[in-house]
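Excluded from the calculations below are hydrogen atoms, water molecules and symmetry mates; all remaining heavy atoms, backbone and side chain alike, are included. Worth saying up front: this structure is predicted, and the values here are computed from it rather than measured.
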Amino acid sequence: MKEILTENKNLITLVGPPNSGKTTLFNFLSGKNFKTVNYPGSTIEYNSTEFLSKFEIDANLLDSPGIISLIPNSPDEEITVNSLYEHPKFGVPNIVIVTVDSSQVSRHLLLVKQLLESNFNVIIALTMTDILHKKGFTISPTKLEEKIGCKVVKIDGRTGKGVENLAVTIRQILSISDNTKNNLTKLIPSAHAERIIRFYKEIEQIENEVVSEIAAEKNLKNANEQLNKLSQNFINKPDSFTLKLDRILLHKFWGIIFFLLITGTIFTSIFWLALPLMELIDEFFAVMANTASNYLGNNWYGDLIADGIISSVGAVIIFVPQIVILFIILGFLEDTGYLARGAMLIDKPLSKIGLNGRSFVPMLSGFACAIPAMLAARTISNRKERLLTIFIIPLMSCSARLPVYALLIAFLIPKENFLIGGFIFSFIYLFSIISSVVIAGIINKFSRTIIREEDNSSFILELPSYKIPKLKSVVLNTLSSTRQYLKEAGPVIIVFSIVLWVLTYFPNTNPQIDTNNLTETEIVDAIQMERISTSYAAQIGKIIEPVMIPIGMDWRIGVSLISAFVAREVFVSSLALIFRVSGDEETLRDSILNAMRHAKINGTDKNLFTPSTALGLIIFFVFAMQCLSTIAVAKKESGHWRIPLFQILIFSGFAYFATFITVNGLRLFGID
Amino acid sequence: MKTAAKLKFGEKAIINYIDENHPSFRRIIEIGFTPGQEIELLSSSIFNDPLAFSLRGTMIAIRKHEAESIILS
């Protein structure tokens with residue numbers, strides 16, 4: 001990954017508790033021009049950039065994941081905090097900007113206190129003063145500056161008002177301190193609890209002095225309520241709109257109805273909204289491949305570019321619509337404040353199987369694609385729960401299985417019967433959800449062997465006030481997630497598609513075909529068929545044939561399954577290749593289906609594809625770990641090969657076993 | 001000894017102390033559950049766990065098991 005920053009510049013780091021307006025401020029300071037990079041030696045990501053030129057600040061700006069304290073509670077927070085004290089590349093920040101939600105000063109000033117005590121140069125960016133005003137209170141930045149002992153600047157998150165003042169303050173500090181960095185002291189966790197309580201006492205006093213009521217008539221009612229309060233703490237309640245909405249959304253009955261409705265909507269829109277776009281991309285790449293093939297001719301490099309490269313790039317890009325739609329919806333839900341509620345509602349059942357309420361978003365994302373889902377699991381602070389979530393994500397029926405299921409269902413139900421087809425589809429998804437729950441529970445029981453982590457499980461999550469989402473940050477986040485998917489999945493799929501193409505194409509570069517009475521397309525097909533049956537892939541397929549026979553299949557399905565280990569959807573195209581299917585795009589599936597119906601097991605007149613083998617294949621695809629990019633990401637996100645190796649062994653082994661039971665069980669009952 | 005896990009909906013109470021032996025002790029006080037603070041039980045998940053409390057102007061959801069470490073006065 002390329003760092004865009006130069007090392008000998010001033011460093012300004014942006015920190016803040018979750019939901020304190022940090023991302024908004026980062027966007028204001030940097031424009032859109034940031035790069036996502038990993039924290040050194042870890043998979044945690046932060047954004048790094050330079051300041052927009054209009055601010056005239058010659059410094060690097062680092063973003064960091066939200067933290068509530070300088071004493072880390074999870075491995076992820078530890079890296080964040082350590083980087084703050086001593087970034088391996090950029091050193092110590094000259095200035096730390098802390099975002100503090102004005103309506104949350106009593107909680108958010110804790111981090112400020114800790115930073116000041118550690119000797120950082122701190123500027124407070126006071127955000128969300130409008131929310132404080134709505135509650136009938138106002139805050140004085142000058143008083144806060146005086147009481148807490150660092151610069152304070154008000155920022156309006158909607159208009160960007162105040163950002164210019166922040167820039168002025170930054171420039172002042174940079175010029176005064178002459179770029180000398182302070183000697184930092186680290187906080188010691190052992191004696192920490194008393195210190196937190198002492199800090200909170202001090203903060204409460206400060207809060208009393210800097211926050212005051214807006215003297216206006218409309219707030220008289222508010223003021224009267226103040227008199228009845230139990231403690232000296234005012235602004236003690238979330239805003240009334242949030243409370244009202246939560247009476248429905250966290251309601252025992254309606255809450256769960258809305259939860260199912262919302263997740264159901266996300267789930268279905270990943271598919272139905274994305275479908276037309278996916279078809280468009282599919283067609284586009286088919287046309288491209290055709291054009292390339294026509295232009296370059298029928299030779300090895302023409303085939304390589306058309307079948308190997310263009311098609312595999314298409315196979316990567318086809319999932320972009322689903323990922324974009326998923327992240328736009330999730331981004332909006334997160335910004336409104338609902339996602340935290342969803343996590344709360346689902347925490348109890350998930351905790352029963354060793355997961356956490358926070359596993360819910362990654363698991364949901366897994367239905368689009370496992371890669372962004374595994375990246376989303378970073379929000380789970382408990383390492384064991386995070387690894388278990390990563391572990392079961394491949395069991396979520398990702399969209400790459402769609403084309404495979406569609407083909408096999410079409411084989412099972414010859415006539416275009418949408419109702420039964422749709423019913424089978426829903427059943428497959430339900431089946432995969434239930435089985436992943438069961439498997440998660442089992443894995444959890446053996447977590448000492450597989451996950452090898454023991455961690456204190458907890459669920460402590462702020463439910464932020466409901467807000468209108470910010471389009472800009474949702475879009476930026478979606479873009480960066482999509483970029484991540486392309487970066488993680490793209491190269492692996494393309495490289496292995498090319499390897500697969502080589503395996504099915506060589507060594508027989510120019511087979512001799514009897515061309516009498518054949519049309520040109522038929523000749524091309526015959527050559528391709530000849531190639532595939534004498535290719536390296538076929539040789540490998542014949543080696544594994546003994547494994548395929550017990551589940552009622554032969555080397556040809558074996559080769560397709562092996563190629564599906566690159567990426568599941570490759571299964572369909574390699575079937576097409578192996579069964580000598582060509583023809584224009586509209587009839588491609590019909591031709592595969594036709595070939596499947598006529599395929600015989602080698603040397604016999606028994607059908608290769610039967611209802612039992614088709615169902616067996618569906619079962620295989622429900623469980624098997626068949627995606628190289630997922631394996632790569634699982635390795636990266638978990639930090640070692642342990643998790644992905646267990647995933648391959650357990651999931652694929654179980655897939656084979658379940659397929660064996662399905663195929664032979666059905667045959668036992670007379671269903672061939 | 002009444003804990004936050006035993007609050008009724010809409011019931012307000014003042015935190016007396018937090019059980020130091022609870023594994024989530026530090027995180028609980030860090031997020032703002034400190035002695036002297038007023039909390040109110042606002043909602044709970046359908047399984048009565050986790051619980052959502054009003055605290056310092058916001059809502060915090062914690063598991064029942066964690067709420068048991070919050071001793072009320």
Report task. Run the numbers on Arg341(A) and Met59(B) for side chain to side chain contact (heavy atoms under 4.5 Å, CB included), then give the verdict. Result -> CA-CA 10 Å; Arg341(A) 269 96 181 160; Met59(B) 267 170 101; 3.9 Å; yes
Query raised in the report: Yes or no on salt bridge (charged side-chain N to carboxylate O under 4.0 Å, His left out) for Arg56(B) and Glu462(A), after CA distance, side-chain angles and deciding distance?
Result: CA-CA 11 Å; Arg56(B) 296 178 183 268; Glu462(A) 185 184 353; over 6 Å; no
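Contacts between Leu42(B) and chain A at a heavy-atom distance below 4.5 Å involve the side chain alone, from C-beta outward. Only the side chain of Leu110(A) comes within less than 4.5 Å of a heavy atom of chain B; its backbone N, CA, C and O stay farther away. Neither the backbone nor the side chain of Leu111(A) comes within contact range of chain B; no heavy atoms are under 4.5 Å apart. Contact annotation for Pro72(A): only backbone heavy atoms (N, CA, C, O) come within less than 4.5 Å of a heavy atom of chain B. Both the backbone and the side chain of Ser43(B) come within contact range of chain A, each with at least one heavy atom under 4.5 Å from a heavy atom of that chain.
The main-chain N or O of Ile196(A) is never found under 3.5 Å from a side-chain atom of Glu30(B) such that the two would form a donor-acceptor pair. For Tyr200(A) (side chain) and Pro35(B) (main-chain N/O), no donor-acceptor pair under 3.5 Å exists by modelled atom type.
Remark: Lys252(A) NZ is packed, more than 12 non-hydrogen atoms of other residues, nucleotides or ligands lying under 6.0 Å away. Other residues, nucleotides and ligands contribute at most 12 non-hydrogen atoms within 6.0 Å of the NZ atom of Lys244(A).
Between Thr58(B) and Pro464(A), the closest side-chain pair of non-hydrogen atoms is not below 4.5 Å. Side-chain contact between Ile60(B) and Leu461(A): absent, with no pair of heavy atoms (C-beta onward) separated by less than 4.5 Å. A heavy-atom distance below 4.5 Å is found between the side chains of Asn356(A) and Arg63(B). Taking the side chain as every heavy atom from C-beta outward, Glu204(A) and Gln37(B) approach each other to under 4.5 Å.
How far CD1 of Ile29(B) is from CZ of Arg195(A): 11.5 Å, rounded to the nearest 0.5 Å. Note that the CG atom of Asn382(A) and the OG atom of Ser24(B) stand 9.5 Å from one another [nearest 0.5 Å].
When the heavy atoms of residues 44-52 of chain B are compared with those of chain A, the residues falling under 4.5 Å are Ser44(B), Ser45(B), Ile46(B), Phe47(B), Asn48(B), Asp49(B), Pro50(B), Leu51(B), Ala52(B), listed by number.
Sorted by first and then second residue, the ring-ring contact (aromatic ring centres under 6.0 Å, His included) pairs with a member in residues 10-33 of chain B read His22(B)-His65(B); sequence neighbours excluded.
Residues Arg26(B) and Ser69(A) bring no donor and acceptor atom of their side chains to less than 3.5 Å of each other.
Chosen from Lys64(B), Glu20(B), Glu40(B), the residue pairing most often with chain A at heavy-atom distances under 4.5 Å is Glu40(B). Between chain B and the residues Gly255(A), Ser458(A), Ala343(A), the most heavy-atom pairs under 4.5 angstrom are made by Ser458(A). Of the listed residues (Ile28(B), Thr34(B), Ile18(B), Ile31(B)), the greatest number of heavy-atom pairs within a distance under 4.5 Å of chain A belongs to Ile31(B). Ranked by non-hydrogen atom pairs under 4.5 Å with chain B, the options Gly357(A), Pro17(A), Pro349(A) are led by Pro349(A).
Residues meeting the side-chain contact (heavy atoms from CB on, under 4.5 Å) test with Leu260(A), sequence neighbours left out: none. Not counting sequence neighbours, Arg358(A) has no partner by the side-chain hydrogen bond (donor to acceptor under 3.5 Å, both in side chains) test.
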